[in-house]
Amino acid sequence: MTKTETYAGGCHCGKVRYEVKADLSQTITCNCSMCAKTGAILTFAPAADFKLTSGADALTDYTFNKHVIHHLFCTTCGIRSFGRAMKPDGTDGVAINVRCLDSVDASVLTPFAYDGKSV
Ligand SMILES: [Zn+2]
């Protein structure tokens, strides 16, 4: 059963804001070199279910390793509130940092520990 709901979220300073339809019963933590340092809890959504409502000009893009995931940071406050990547089926997807969603208590989530370091 999915529990998809619409959430609003964004960076710390408020320049980057978005709305996304997401299912917070499906979250992960990841131990790759990036996520291990940022401590993000992630959920994934189709790009069509994500709408950047402000801050397109406030984002900077960082890629590493295979450069397939676009880690987007607010240039003012440095928060990585979401990223963009192609999903395995070839469609565009977004990775949402659940900690950046408004009124979501990340401490009650039960994220799956994804072994991104070994991929
Ligand atoms: Zn910001």
Side-chain angles (χ1 to χ4, degrees):
M1 193 179 88
T2 60
K3 299 175 200 151
T4 303
E5 289 183 44
T6 300
Y7 297 92
C11 70
H12 186 267
C13 72
K15 285 188 175 171
V16 177
R17 294 292 302 168
Y18 55 74
E19 291 176 1
V20 64
K21 290 194 194 105
D23 177 4
L24 297 191
S25 68
Q26 307 281 333
T27 58
I28 67 159
T29 58
C30 174
N31 63 358
C32 81
S33 58
M34 173 63 111
C35 294
K37 288 182 187 257
T38 55
I41 299 174
L42 300 172
T43 192
F44 298 92
D49 288 347
F50 176 86
K51 187 169 72 173
L52 188 65
T53 52
S54 72
D57 56 354
L59 290 165
T60 189
D61 188 2
Y62 175 69
T63 63
F64 69 101
N65 194 8
K66 295 171 190 157
H67 302 278
V68 292
I69 303 172
H70 294 268
H71 302 276
L72 298 165
F73 297 81
C74 173
T75 55
T76 298
C77 68
I79 296 297
R80 177 177 69 130
S81 58
F82 74 102
R84 293 186 188 276
M86 192 180 289
K87 300 203 299 177
D89 64 6
T91 61
D92 288 332
V94 289
I96 301 297
N97 184 351
V98 175
R99 293 188 185 278
C100 293
L101 298 178
D102 301 344
S103 59
V104 168
D105 180 1
S107 69
V108 304
L109 300 173
T110 52
F112 172 77
Y114 177 71
D115 187 12
K117 189 160 71 176
S118 305
V119 175

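Any value given below was found using the heavy atoms of this structure, including those in side chains, with hydrogens, waters and symmetry copies removed.
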Who are the side-chain hydrogen bond (donor to acceptor under 3.5 Å, both in side chains) partners of Asp57, not counting sequence neighbours? none

Kindly say whether Phe73 contributes a backbone atom to a donor-acceptor pair with the side chain of Thr60 at under 3.5 angstrom? no

In Å, rounded to the nearest 0.5 Å, how long is the span from CG of Asp61 to OG1 of Thr75? 12.5 Å

Between CD1 on residue Ile41 and OG1 on residue Thr110, distance to nearest 0.5 Å: 10.0 Å

Please report the closest heavy-atom contact between Pro46 and Val94, naming both atoms and the distance. O-CG2, 4.3 Å

Going by ring-ring contact (aromatic ring centres under 6.0 Å, His included), name the pairs with one or both residues in residues 79-113, residues two or more places apart or in two chains. Tyr18-Phe82, Phe50-Phe82

Here the gap from Leu42 atom CG to Asn97 atom CG, rounded to the nearest 0.5 Å, amounts to 6.0 Å

Mind jotting down which residue pairs meet the salt bridge (Lys or Arg N to Asp or Glu O under 4.0 Å) criterion with at least one end in residues 102-119? Sequence neighbours excluded, please. Arg17-Asp102

Pairwise distance CD1(Ile69) to CE(Met34) - rounded to 0.5 angstrom: 9.0 Å

If I take atom OG from residue Ser81 and atom NE2 from residue His12, how far apart are they, to the nearest 0.5 angstrom? 12.5 Å

Using the rule that two of Ile, Leu, Val, Met, Phe, Trp, Tyr join whenever any of their side-chain heavy atoms come within less than 4.5 Å, decide whether Tyr7 and Leu52 are in one cluster. yes

Compute whether any side-chain donor of one residue and acceptor of the other, for Lys15 and Thr76, lie under 3.5 angstrom apart. yes

Side-chain contact, heavy-atom cut-off 4.5 Å: Tyr62 with Arg80? no

For Gly14 versus Ser54, what's the shortest heavy-atom pair and its separation? O-OG, 4.3 Å

Contact list for residues 19-45, test ring-ring contact (aromatic ring centres under 6.0 Å, His included), sequence neighbours left out: none

Straight-line distance of Thr43 OG1 to Leu109 CG, nearest 0.5 Å: 9.0 Å

With heavy-atom distances below 4.5 Å as the criterion, would you say the side chains of His71 and Cys35 are in contact? no

So, do Leu101 and Val20 sit near enough that their side-chain heavy atoms are less than 4.5 Å apart? yes

Phe64 versus Ser33: any side-chain heavy-atom pair under 4.5 Å? yes

Each residue besides Met86 in its hydrophobic cluster should be listed here, by chain and number; the cluster joins Ile, Leu, Val, Met, Phe, Trp and Tyr at side-chain heavy-atom distances under 4.5 Å. none

Under the rule for side-chain hydrogen bond (donor to acceptor under 3.5 Å, both in side chains), what residues qualify as partners of Thr63, not counting sequence neighbours? His67

